[in-house]
Amino acid sequence: MAIDSSSLFGSLFEAPAVTRVVPVLVPLPVPVAYSYAVPEGVHVEPGSLVQVPIGPRQVIGVVWEGDNDEKLDPKKLRPITLVFDCPPLSKEMRDFIDWVASYTLSPPGLVARMAIRAPAALDPEAMVEGLRYIGGQPERMTPARTRVLDLAKTQDHPWTRSGLAHAANVSSSVVDGLTAQGVFETIFLPPPPVVARPDPDFTPPRLEGPQKQAAQDIVSAVHKGGFSAALIDGVTGSGKTEVYFEAIAESLRQGRQVLILLPEIALTPAFLERFEARFGAKPAEWHSDLAPRMREKVWRGVVTGEVRVVAGARSALFLPFEQLGLIVVDEEHDPAYKQEDRVFYNARDMAVVRGRIGDFPVVLVSATPSVESQVNGLAGRYNTVHLPTRFGEAALPDLHLVDMRRHPPERGGFLSPVLLRGIKRTIEKGEQALLFLNRRGYAPLTLCRVCGHRFQCPQCSSWLVEHRFRSQIQCHQCGYAERTPEACPDCGTLDHLVACGPGVERIAEEVEKHFPQARTIVMSSDMLGGVKRMRLELEAIAKGDVDIVIGTQLVAKGHNFPLMTLVGIVDADLGLSNGDPRAAERTFQLLSQVTGRAGRTGLKSLGLIQTFQPQHPVMQAIVSGDAPAFYEREIEERQKAILPPFGRLASLIVSADTRAEAETHARGLRAAAPSVTGISVLGPAEAPLALVRGRHRFRLLVHGRRNCDMQGFLKAMIAQGPKAKSSVQIQLDVDPQSFL
DNA sequence: AGCACGCCGACT
DNA sequence: GTCGGCGTGCTC
């Protein structure tokens, strides 16, 4: 119910009676709810969406519960401006918001804002204008008018103006003319649903072997109801999607809504079509570049319950579903689930929390689960379901390590003779080769041969990467770019700049030199022509119009290339030595994903992995396929990173996935524990180095996830003061039991 | 987050 | 003499 603002002020002589004061979460980075007066005759309850004044502007807020600040004079409080005509946020949703705010040490108002981020959706949706045939004839008949009338007579349902014109193959002015003659009357129709309702029994599933058991396991969890967390751990091509589709079907049969979380990049037309084939309708989409109108429609459909299934990126986790009954997190290991600004959260972990608070099952899915989820599986907190074999005729590629010390490339090159032979054989058979290198551009570093000058970013001091296609040198950290200079800016020498190391463009150059007749393409996110061109190129590749694809990690995700029978990893070691505590895990996941692109239609396929460290556990795990052993070792390594109880609270490193996140934590720490001096903020790669140098007595590592018990940590710090002999427990994200 | 106020440099 | 840089501080 919207209230008229003129009624808020009462008459001149009677002071408005303050009937009630309520706390309201406003979208500001403040730690508490603000208090507002509720005008007489206005009904609000916890969860109501309201418009309130903040200084000179109006914002959307949510009525919360709890005590109001008693220091504020209720008479001086400003009144709520408007109550939106919209179902209030449920108790579950409010508990979820409070929980996430407390866990991530974020202002609750900013967390709440993520749930109500479609402001215009709060207005009632406009009715659609329609036309109904009421009989009669126009004064003059024409062939076009006859066509329209024939159609309207045979199909007696309301038409839209353009729909009728299109169906009768006339221009809309013909329809307008008939309407003016009184043949049609204008009526108002409720807006059409955003998406059709999916039918759980549209296409019965055809599950094979281990899929059956896996589906039975998770379907029974959904059937039983109540909170549970499952981890579907299945190799690429093992049919994980079909399995979780059955869980979705069961939830739909129970009349509950379903949320499928996907990394943004995996929200492809291919996925939506697959869903449609099983359920007869597409899910509603939710992601960052949804058109504003669509965003509003989906948001409203979710609140009212009209939308049954949402497939969305991480932000979809905060949609206020009416009756959510299941969350599926596909590709649960994907780093894209981590939000890196404002509110730092991992949607995968918060999905589990939402399931626990809402008392419904959550299913995590991956071919290469995160170490965190593996630990939860081993500890019995998640029920692990294995799908060990490929489905149908698909066979895993035959994987081999290429020891680059024994098979060096020719001078100036990066492809070993072994890989070049493999490419030759593959394209001779009319099949495709994929060369993977996770590095955009031509070369990661450029220097002057004469004076040794290195091109460095003026803004953030990382190396500038040469991009030959664009004739630019770019900073991959901050986006700085300039035209590739011809002369060295330091010594002025012309044409003496030398590229160091490979990027995909440079690999393409090498490939073209060896296979001038082959059709070659470079796929990377900075591709000229944008997303549209990329889609077309991916289709062309799938059709077999390309022989050799050279790509960055963008080709690793989701796409199916039936003719791809050779995958060459150009530099498998890349990313193993960047100081990231998760480097080995990430590399394992990436390499598994890329090699999984091959052999999906039964053709015999091969993976060649170029490495200088063939003994490295990641390489061994990839070729042996012994993932359990790899995870066991990773878990051990991660647990070693949890420091034993330490002595004095002398100084502290705060380190996180990004410097910005570490800054956020540090601010919280400084505010909560002013007695602790010597708090340093370091980037992800610097913290281990500082520790090695012994500058700090201990560290608080919040790499990647916020699963460490920050609240407990702060309390312990405050309790012990700066010089106390302390034994603060630091809980690293490897063991995220704090939310279960 | 926004948007104010507030104090020091180059300009109609 | 003003316009404008962005540094602190407040919003129920």
Side-chain angles (χ1 to χ4, degrees), chain A residues 3 5 7-10 15-84 88-89 94 97-98 100-102 104-122 288 292 295 299 314-315 318 339-345 458-460 478 656 658-672 674 681 706:
Chain A
I3 53 170
S5 62
S7 70
L8 300 181
F9 303 102
V18 176
T19 48
R20 204 150 63 99
V21 175
V22 288
V24 175
L25 284 190
V26 288
L28 300 181
V30 290
V32 291
Y34 281 174
S35 301
Y36 286 86
V38 183
E40 214 168 347
V42 171
H43 171 76
V44 291
E45 56 188 294
S48 294
L49 300 187
V50 292
Q51 193 181 75
V52 290
I54 283 286
R57 65 211 161 98
Q58 297 284 328
V59 296
I60 299 178
V62 192
V63 176
W64 224 237
E65 52 219 312
D67 294 331
N68 287 291
D69 190 343
E70 279 160 22
K71 286 186 290 261
L72 293 163
D73 181 357
K75 288 195 205 73
K76 286 185 183 162
L77 290 180
R78 302 174 75 180
I80 287 169
T81 315
L82 198 79
V83 183
F84 288 102
L89 296 188
R94 284 178 275 130
I97 290 168
D98 275 336
V100 173
S102 143
T104 62
L105 296 180
S106 307
L110 294 190
V111 180
R113 193 175 66 158
M114 300 194 291
I116 52 173
R117 258 220 171 138
L122 297 170
S288 58
R295 175 171 293 262
W299 191 89
R314 61 164 187 263
S315 61
F318 288 90
Q339 174 144 88
E340 300 279 8
D341 59 72
R342 293 185 184 103
V343 179
F344 294 85
Y345 69 94
Q459 291 171 28
C460 63
C478 68
T658 60
R659 190 176 287 270
E661 185 180 5
E663 296 281 2
T664 306
H665 297 316
R667 259 199 304 281
L669 286 162
R670 289 195 185 102
V681 178
R706 298 297 313 278

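Quick note on labels: first sequence line is chain A, next is B, and so on, each numbered from 1. What you see is a predicted model, and the numbers here were worked out from it, not measured in a lab.
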Asks: Starting at atom OH of A:Y34, determine the distance to atom C1' of C:dT11, rounded to an integer number of angstrom.
Replies: 5 Å
Asks: Please state how far atom CZ in A:R57 lies from atom C1' in B:dA4, giving the value in whole angstrom units.
Replies: 11 Å
Asks: Is a side-chain N or O of A:R342 found less than 3.5 angstrom from the main chain of A:S106, in a donor-acceptor match?
Replies: no
Asks: Would you say A:Y36's side chain and A:V63's backbone share a donor-acceptor pair under 3.5 angstrom?
Replies: no
Asks: Counting any heavy atom closer than 4.0 Å, what does A:L77 reach on the DNA or RNA strands: base, sugar-phosphate only, or nothing?
Replies: sugar-phosphate
Asks: Measure from CG on A:L28 to P on B:dC3 and round the result to the nearest Å.
Replies: 12 Å
Asks: Can you tell which of C:dC12, B:dC3, B:dA1 lies closest to the side chain of A:R342?
Replies: B:dA1
Asks: Closer than 3.5 angstrom, by distance alone: can the side chain of A:R94 be matched with the main-chain N or O of A:L89 as a donor-acceptor pair?
Replies: yes
Asks: Is A:P23 touching bases, backbone alone, or none of the nucleic acid, heavy atoms closer than 4.0 Å?
Replies: nothing
Asks: From CD1 of A:I54 over to P of C:dC10, roughly how many Å is that when rounded to an integer?
Replies: 15 Å
Asks: Distance check needed: B:dG2 P versus A:Q58 CD, whole Å only.
Replies: 15 Å
Asks: In whole angstrom, what separates A:I60's CD1 from C:dT11's C1'?
Replies: 18 Å
Asks: Using a heavy-atom cut-off of 4.0 Å across all strands, would you classify A:P29 as base, sugar-phosphate, or nothing?
Replies: base
Asks: Between the main-chain N or O of A:A115 and the side-chain N or O of A:W299, is there a donor-acceptor pair closer than 3.5 Å?
Replies: yes
Asks: Can you check the A:M114 CE to B:dA1 C1' distance for me, whole Å?
Replies: 14 Å
Asks: Please tell me which of the listed nucleotides, C:dT11, B:dC3, C:dC12, lies nearest to the side chain of A:P56?
Replies: B:dC3
